[in-house]
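Below: the structure, in structure tokens.
Labels below follow one simple rule: chain letters A, B, ... track the order of the sequence lines, proteins then strands, and each chain is numbered from 1. The structure presented is a predicted model; accordingly, all values stated were derived computationally and were not measured.
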2 protein chains.
Amino acid sequence: MNTYRIGELASALSCSVETLRYYEREGLLTATGRSSNGYRFYNEDAVRQLKFILRAKAMGFSLEDIRELLAIRVDPKAASCGAVRDITEHKLQWVEHKIAELQRFRDALQRMVNACCGGDVPAEHCSILLALDDQHPIPGNEEHSRD
Amino acid sequence: MNTYRIGELASALSCSVETLRYYEREGLLTATGRSSNGYRFYNEDAVRQLKFILRAKAMGFSLEDIRELLAIRVDPKAASCGAVRDITEHKLQWVEHKIAELQRFRDALQRMVNACCGGDVPAEHCSILLALDDQHPIPGNEEHSRD
DNA sequence: CTTGACCCCGTACCCTACTACAGGGTCTAT
DNA sequence: ATAGACCCTGTAGTAGGGTACGGGGTCAAG
């Protein structure tokens, strides 16, 4: 079975050597072993595990989430399929919450952009500044004003 | 004109005293002055400025953005309305970019949740773990698989 | 005159996911 | 034997937006 040194693994999967050492410190990816000179080496199982980590990251999982998923992956008989789905659903809810928050930001910003003349005129009466001062709430924004 | 001590301002606008001192260090909100005992005090202008800051934060602006907006707010004749709209549009684009990213996360997570039996069975054949291992790509996810 | 609620300053710490650097060892080619 | 590429460890720094703490001063009530 062929093995990889840390730099080879890093360039193969497009991450940095420092990241791999960091993942080791964090307990996400331990090297398969050490050569007599102390160099880390990785086998195909480690490559697959790193792919798992990177793919999970690309899905939006945090390293903490990934730590849990890896624990299940290593010993899948000890965990239920439901546990895996719980982690995923929990993340999904968090992502949906974040999306909703950003959509509120987007709508507020969009209303401000729409209301602003945006011209090369002095900003003295700029509707965006007025809206942030709440002197002149922008229509559609009333529910956020104090009474 | 009535003035407020830092704790009064903090409780009036529901932020912490530490936050106000932090904003002062960051140049966002300087106290109106200091009493003879060294205590900060704030007048109504400062209250309005803090409201501006908090409202801008609620819109998703970063403290760095707010710093720029405040500079314009202080001297609106020196800046154009277009400059204000540029900041806002820039933020809007950033927010839209973030939303799109999170929506990709959400879709990937949703596909995984849908595909998972989620039962109290061992996770050995869990479709989520398989998908993250890319042994068993979930339909709709092919564009992310390596070839 | 002491207690408790305020306030001051400066510094350190939180989180996440890295990245950088210092100071050293190892291996390969020339 | 020496350059250059690679590897090791340990520690510190980054961004953003604060929070916490230690050690002290101030002020009003009892």
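Taking only side-chain nitrogens and oxygens, A:Arg21 comes nearer than 4.0 Å to OP1 or OP2 of D:dC8. Taking only side-chain nitrogens and oxygens, A:Thr19 never comes nearer than 4.0 Å to OP1 or OP2 of C:dA17. In terms of phosphate contacts, A:Arg40 brings no side-chain nitrogen or oxygen within less than 4.0 Å of OP1 or OP2 of D:dC7. The phosphate of C:dC8 (OP1 or OP2) has no side-chain N or O of B:Asn37 nearer than 4.0 angstrom. In terms of phosphate contacts, B:Arg34 brings a side-chain nitrogen or oxygen within less than 4.0 Å of OP1 or OP2 of C:dC9. For B:Tyr23 and D:dG17, the shortest distance from a side-chain N or O to OP1 or OP2 is not below 4.0 Å. Checking the phosphate oxygens (OP1, OP2) of D:dG18, no side-chain nitrogen or oxygen of B:Ser16 falls inside 4.0 Å. Not one side-chain nitrogen or oxygen of B:Tyr22 sits closer than 4.0 Å to the OP1 or OP2 atom of D:dG16.
Look at CZ on B:Phe41: it is 16 Å from C1' on C:dC8, rounded to the nearest Å. One atom, CZ of A:Arg5, and another, P of D:dC8, lie 9 Å apart when rounded to the nearest Å. In this entry the distance linking OH of B:Tyr4 with C1' of C:dC6 reads 18 Å, nearest Å. At whole-Å resolution of the value, CG in B:Leu9 and P in C:dC8 are 11 Å apart. Summarising the geometry, the separation between CD on A:Glu64 and P on C:dA17 is reported as 9 Å, rounded to the nearest angstrom. Atom CZ in B:Arg67 sits roughly 11 Å away from atom C1' in D:dG16 (whole-Å rounding). Rounded to an integer number of Å, the gap from A:Arg25 CZ to C:dC18 P is 12 Å. Going from atom CD1 of A:Ile66 over to atom C1' of C:dC18 covers 13 Å, rounded to whole Å.
Annotation: the span from B:His97 atom NE2 to A:Leu102 atom CG amounts to 11.5 Å, rounded to 0.5 Å.
With no hydrogens or angles considered, no side-chain donor-acceptor pair links A:Gln103 and A:Asp107 at under 3.5 Å. If you check the side chains of A:Gln49 and A:Asp45, you find no donor sitting under 3.5 Å from an acceptor. A donor-acceptor pair shorter than 3.5 Å can be found between the side chains of B:Tyr4 and B:Glu44.
Using a 4.5 Å heavy-atom cutoff, the side chains of B:Glu96 and A:Arg106 are in contact.
The terminal axes of the helix from C:dC1-D:dG30 to C:dT30-D:dA1, fitted over 5 pairs per end, subtend an angle of 30° to the nearest 10°.
You'll find a donor-acceptor pair under 3.5 Å spanning the side chain of B:Tyr39 and the base of D:dG25, going by distance alone.
Between A:Leu63 and B:Glu8, the residue anchored nearer the 5' end of DNA chain C, judged by the nucleotide with its closest heavy atom, is B:Glu8.
Side-chain proximity of B:Lys57 to C:dC7, C:dT19, D:dG17: nearest is D:dG17.
Shown here is A:Asp120, whose CG atom has no more than 12 heavy atoms of other residues, nucleotides or ligands within 6.0 Å.
In this structure, A:Arg73 satisfies the cation-pi test against A:Phe52, with its NZ or CZ atom closer than 6.0 Å to the six-membered ring centre and inside 45 degrees of the ring normal.
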**Asked** How far apart are the C-alpha atoms of A:Lys98 and A:Glu101, what are their side-chain angles, what is the distance that settles it, and do they pass the salt bridge (charged side-chain N to carboxylate O under 4.0 Å, His left out) test?
**Response** CA-CA 5 Å; A:Lys98 277 286 160 192; A:Glu101 185 182 18; 3.3 Å; yes
